[in-house]
S.K.: 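Structure below; questions to follow.
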Amino acid sequence: MPIPEQPFSLEQQIADWRKYLLARNAIHAKDADELEDHLRDLVFDLMGKGLDEDEAFLVATKRMGELDSVSREFALEYSERAWKQWVVPSAGGKAAGLSEEVLVVFALACCAALAIKLPILFGIPWDDDGVSFFARNLSLFVFPFLAIYFCWKRQLTPDSYWKIGLPFVAGASFANLYPLQTDGSTEVLSILHLPIALWLVIGLAYTGPRWRSDSGRMDFVRFTGELAIYYVLIALGGGVLTALTIGVFNAIGLDAEFIAGNWIIPCGAMGAVIVGSWLVEAKQSVIENMAPVLTRVFTPLFALMLLAFLIAMLWTGQGINVERDVLIGFDLLLVVVLGLLLYAVTARDSQAAPDYFDWLQLVLVVSALLVDIFALVAIASRISEFGFSPNKVAALGENIILLVNLTWSAHLYWRFIRGRGSFAALVSWQMAYLPVYSLWAALVVILFPPLFGFA
């Protein structure tokens with residue numbers, strides 16, 4: 001009598017794979033967690049492309065490489081330290097795939113670098129007269145190429161290219177066809193909000209079919225934070241290189257400042273977005289170790305700063321000034337706080353018990369919530385006294401959105417710390433709320449200019 005075939009269990013197969021992985025001396029539990037996350041991402045990506053569970057698992061494990069090879073790579077990484085690690089091809093196919101990706105990244109980075117200079121051919125100068133046009137379109141010079149990279153990387157269907165491309169066409173239309181007054185409020189709002197709206201499109205390309213899942217959005221949040229770190233590092237290195245270049249050429253009587261200001265800096269700034277994104281994809285282990293450390297360093301510092309501000313405001317009795325620059329500054333501060341919260345959420349083990357850092361996060365969230373409430377009171381007071389304006393309405397909407405997020409986040413965090421709720425509920429709330437920011441930014445770009453007479 002034949003033995004009945006056992007049904008395929010993805011979780012059991014992953015558990016067996018992990019058990020075999022941990023048998024390698026060079027790999028510890030934390031390393032296995034990272035590899036398991038990567039394996040699951042590969043499996044879910046393949047399932048999203050139509051493969052069955054067993055087929056996706058087989059292909060994903062093949063792509064992960066032989067476990068002996070993985071062990072050697074991890075041993076090399078931890079003995080040489082992460083900064084000395086670079087791609088060490090263990091097979092010809094992997095090397096070929098890397099070379100192809102490097103060529104694609106290089107080509108797209110060059111396209112982004114040249115795109116910002118292309119308007120000059122159509123008579124738009126790279127000076128004070130053209131600064132308005134370049135500011136409006138800054139994200140459009142690079143985001144479409146970044147979206148193409150992720151569509152290619154995730155092997156999305158041709159239809160996906162069109163669907164992801166349409167928002168960029170719409171963004172370009174609203175940024176350039178509206179008769180926005182130069183330096184007017186609606187133009188400044190459009191410049192600030194268009195990149196936020198289009199970043200959601202980058203998220204759709206980055207996650208592919210996994211956008212609807214919490215894990216997919218969490219990966220995109222991690223990518224955003226890691227790209228910010230890489231971009232700052234590249235910018236610092238580029239600044240040093242530019243300064244040295246100018247100094248070297250000045251030593252022989254040649255003025256390189258024109259080349260630096262008109263070519264090296266703008267083209268490098270655009271190309272660095274593509275290169276930084278590729279580095280995040282290729283070398284995630286480096287920044288994944290760095291970013292949580294930075295989060296733990298800056299969370300208490302920002303919490304102390306907000307508490308000091310609240311105490312100073314209550315002590316002096318001074319309200320918040322609601323001028324445009326001040327409103328932008330406060331919103332940026334609250335966005336940074338939200339970014340710290342998001343990154344801490346995505347980097348935390350959802351099964352771990354609450355600790356002191358969770359209390360710090362709660363203090364940070366509550367402090368930001370109080371600052372947001374004071375800002376809303378000041379904005380509402382100014383609107384009642386002087387009427388509506390584009391800046392005040394935009395700030396009002398953004399602070400209300402932040403108020404809702406921070407209020408419910410504080411509630412969920414408090415329940416988790418008290419043992420009355422799960423950390424997963426906080427994660428789900430944050431991931432579900434992400435599109436709200438981009439949708440509000442899109443409304444500001446589309447509706448505010450005609451509502452306020454393009455002023």
Side-chain angles (χ1 to χ4, degrees), residues 115-116 118-120 122-144 146-147 163-204 266 270 321-332 334-335 372 375-376 378-404 434-455:
I116 197 169
L118 190 62
I120 296 175
F122 295 91
I124 301 174
W126 180 259
D127 56 23
D128 292 343
D129 294 332
V131 66
S132 176
F133 172 84
F134 284 98
R136 293 187 197 181
N137 293 275
L138 191 62
S139 57
L140 293 166
F141 293 130
V142 64
F143 282 7
L146 183 57
K163 292 176 182 177
I164 289 175
L166 286 176
F168 292 112
V169 175
S173 300
F174 289 117
N176 296 287
L177 297 182
Y178 273 164
L180 300 175
Q181 179 182 327
T182 302
D183 293 331
S185 297
T186 56
E187 183 190 54
V188 173
L189 289 173
S190 179
I191 291 170
L192 294 174
H193 288 79
L194 183 59
I196 300 173
L198 294 180
W199 194 244
L200 179 66
V201 184
I202 299 298
L204 296 174
M270 297 296 101
N321 186 351
V322 290
E323 296 299 325
R324 183 175 73 180
D325 292 343
V326 176
L327 290 176
I328 292 173
F330 266 97
D331 285 340
L332 287 176
L334 293 175
V335 167
D372 191 26
L376 277 171
I379 294 169
S381 176
R382 293 284 289 182
I383 288 176
S384 64
E385 185 175 357
F386 298 103
F388 292 96
S389 70
N391 294 322
K392 295 187 185 72
V393 175
L396 181 66
E398 287 153 9
N399 281 273
I400 289 175
I401 291 172
L402 287 167
L403 178 71
V404 173
L434 278 179
V436 175
Y437 300 102
S438 290
L439 293 176
W440 170 254
L443 289 177
V444 172
V445 172
I446 296 170
L447 298 180
F448 273 46
L451 283 176
F452 292 97
F454 305 101

S.K.: Can you give the donor-acceptor pairs under 3.5 Å from side chains of residues 437-446 to other protein atoms, not counting sequence neighbours?
M.R.:
from   : atom 1 : to     : atom 2 : distance (Å)
Tyr437 : OH     : Asn405 : ND2    : 2.4
Ser438 : OG     : Ile196 : O      : 2.9

S.K.: Under the side chain to side chain donor-acceptor pair (under 3.5 Å) definition, can you give me all pairs with a residue in residues 170-179, not counting sequence neighbours?
M.R.: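 For residues 170-179: Asn137-Asn176.
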S.K.: Just jot down the side-chain contact (heavy atoms from CB on, under 4.5 Å) partners of Val436, sequence neighbours excluded, or say none.
M.R.: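 By the side-chain contact (heavy atoms from CB on, under 4.5 Å) rule, Val436 matches Ile401, Tyr433.
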S.K.: Quick one: closest heavy-atom pair of Leu189 and Ala394, and the distance?
M.R.: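 Scanning both residues, the minimum pair turns out to be CD2-CB, 3.7 Å.
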S.K.: Please report the C-alpha distance between Glu187 and Gln181 in whole Å, then the side-chain angles of each, then the deciding distance to 0.1 Å, and finally whether the side-chain contact (heavy atoms from CB on, under 4.5 Å) criterion is met.
M.R.: CA-CA 7 Å; Glu187 183 190 54; Gln181 179 182 327; over 6 Å; no
S.K.: Are the side chains of Val188 and Asp183 in touch, meaning some heavy atoms are under 4.5 Å apart?
M.R.: no
S.K.: Do you know the tightest heavy-atom contact between Gly123 and Pro125?
M.R.: O-CD, 3.4 Å
S.K.: Output all residues satisfying side chain to side chain donor-acceptor pair (under 3.5 Å) with Asp372, sequence neighbours left out; order by chain, then residue number.
M.R.: none
S.K.: Ignoring hydrogens, what is the shortest heavy-atom contact between Ala115 and Pro119? Give both atom names and the distance.
M.R.: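 It is O-CD, 3.2 Å.
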S.K.: Specify the closest pair of heavy atoms between Val142 and Met270, including all atoms of both residues, with the distance to one decimal.
M.R.: CG2-O, 3.4 Å
S.K.: Dump the intermediate steps for side-chain contact (heavy atoms from CB on, under 4.5 Å) on Leu376 and Ile400, then the final yes or no.
M.R.: CA-CA 8 Å; Leu376 277 171; Ile400 289 175; 3.9 Å; yes
S.K.: Would you sort out whether Lys392 and Leu396 count as a side-chain contact (heavy atoms from CB on, under 4.5 Å), showing the intermediate values?
M.R.: CA-CA 6 Å; Lys392 295 187 185 72; Leu396 181 66; over 6 Å; no
S.K.: Could you give the side-chain donor-acceptor pairs of residues 447-455 under 3.5 Å, partners two or more places apart or in another chain?
M.R.:
none

S.K.: Could you report the tightest heavy-atom contact between Ile164 and Leu204, atom names first, then the distance?
M.R.: CD1-C, 4.5 Å
S.K.: What are the two closest non-hydrogen atoms of Pro167 and Leu198, and how far apart are they?
M.R.: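 Heavy atoms only, the tightest pair is O-CD2, 3.8 Å.
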S.K.: Which residue pairs satisfy the salt bridge (Lys or Arg N to Asp or Glu O under 4.0 Å) criterion with at least one member in residues 188-203, sequence neighbours excluded?
M.R.: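 Residue pairs with at least one partner in residues 188-203: there are none.
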S.K.: When the ring planes of Phe134 and Trp126 are compared, do they come out parallel, tilted or perpendicular, using 30° and 60° as the limits?
M.R.: perpendicular
S.K.: Determine, stepwise, if the pair Leu146 / Trp199 fulfils side-chain contact (heavy atoms from CB on, under 4.5 Å).
M.R.: CA-CA 10 Å; Leu146 183 57; Trp199 194 244; 3.9 Å; yes
